Amino acid sequence: LSLHDALPIWYIGRVDLFPNAFRDEDELLKTIIHENCHVLQFKKYGSIYVQHHMDRMEVVARRFESFFFYVKRLGEDKK
């Protein structure tokens, strides 16, 4: 039984962000990007599919986070 199997249905898809959990603004931004990817996954595939494929969803979310954070950095370098 995984953590996700034990969560009530109303809790699945919920994101709680606490200010003390981030070292700096970059970590906060990375987390928001990463969690946004999960929101898109839930919308596209539905909660049952996402819950049964969490390992794959996590890999995709990490790539999504890396890509969009890199794009943000490129934009800052051009300022």
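In this text, all values refer to a predicted model and were calculated from it rather than measured experimentally.
Residues F42 and Q51 approach most closely at CZ-NE2, 3.4 Å, considering heavy atoms. Contact detail for C37 and A61: the closest heavy-atom pair is SG-CA, 3.6 Å.
Residue I48 qualifies as open at atom CD1: its count of foreign heavy atoms under 6.0 Å is 12 or below. Surrounding CG of D55 are at most 12 heavy atoms belonging to other residues, nucleotides or ligands under 6.0 Å away. Within a 6.0 Å sphere centred on NZ of K72, other residues, nucleotides and ligands contribute more than 12 heavy atoms.
Hydrophobic cluster membership for F69: L29, I33, L40, F64, F67, F68, V71 (Ile, Leu, Val, Met, Phe, Trp, Tyr linked by side-chain heavy atoms under 4.5 Å, directly or transitively).
For E58, the side-chain hydrogen bond (donor to acceptor under 3.5 Å, both in side chains) criterion is met by H34, H38, not counting sequence neighbours. With sequence neighbours left out, the ring-ring contact (aromatic ring centres under 6.0 Å, His included) criterion links Y45 to Y49.
Note that CD1 of I32 and CD of E25 are 10.0 Å apart. Values are rounded to the nearest 0.5 Å. In this structure, CG in D16 is found 10.0 Å from CD in E35, a value given to the nearest 0.5 Å. To the nearest 0.5 angstrom, R56 atom CZ is 9.0 Å from Q41 atom CD.
Using a 4.0 Å cut-off between charged side-chain N and carboxylate O, D26 and R73 make a salt bridge. Checked for salt-bridge contact, E65 and R62 miss the test: no charged N lies under 4.0 Å from a carboxylate O.
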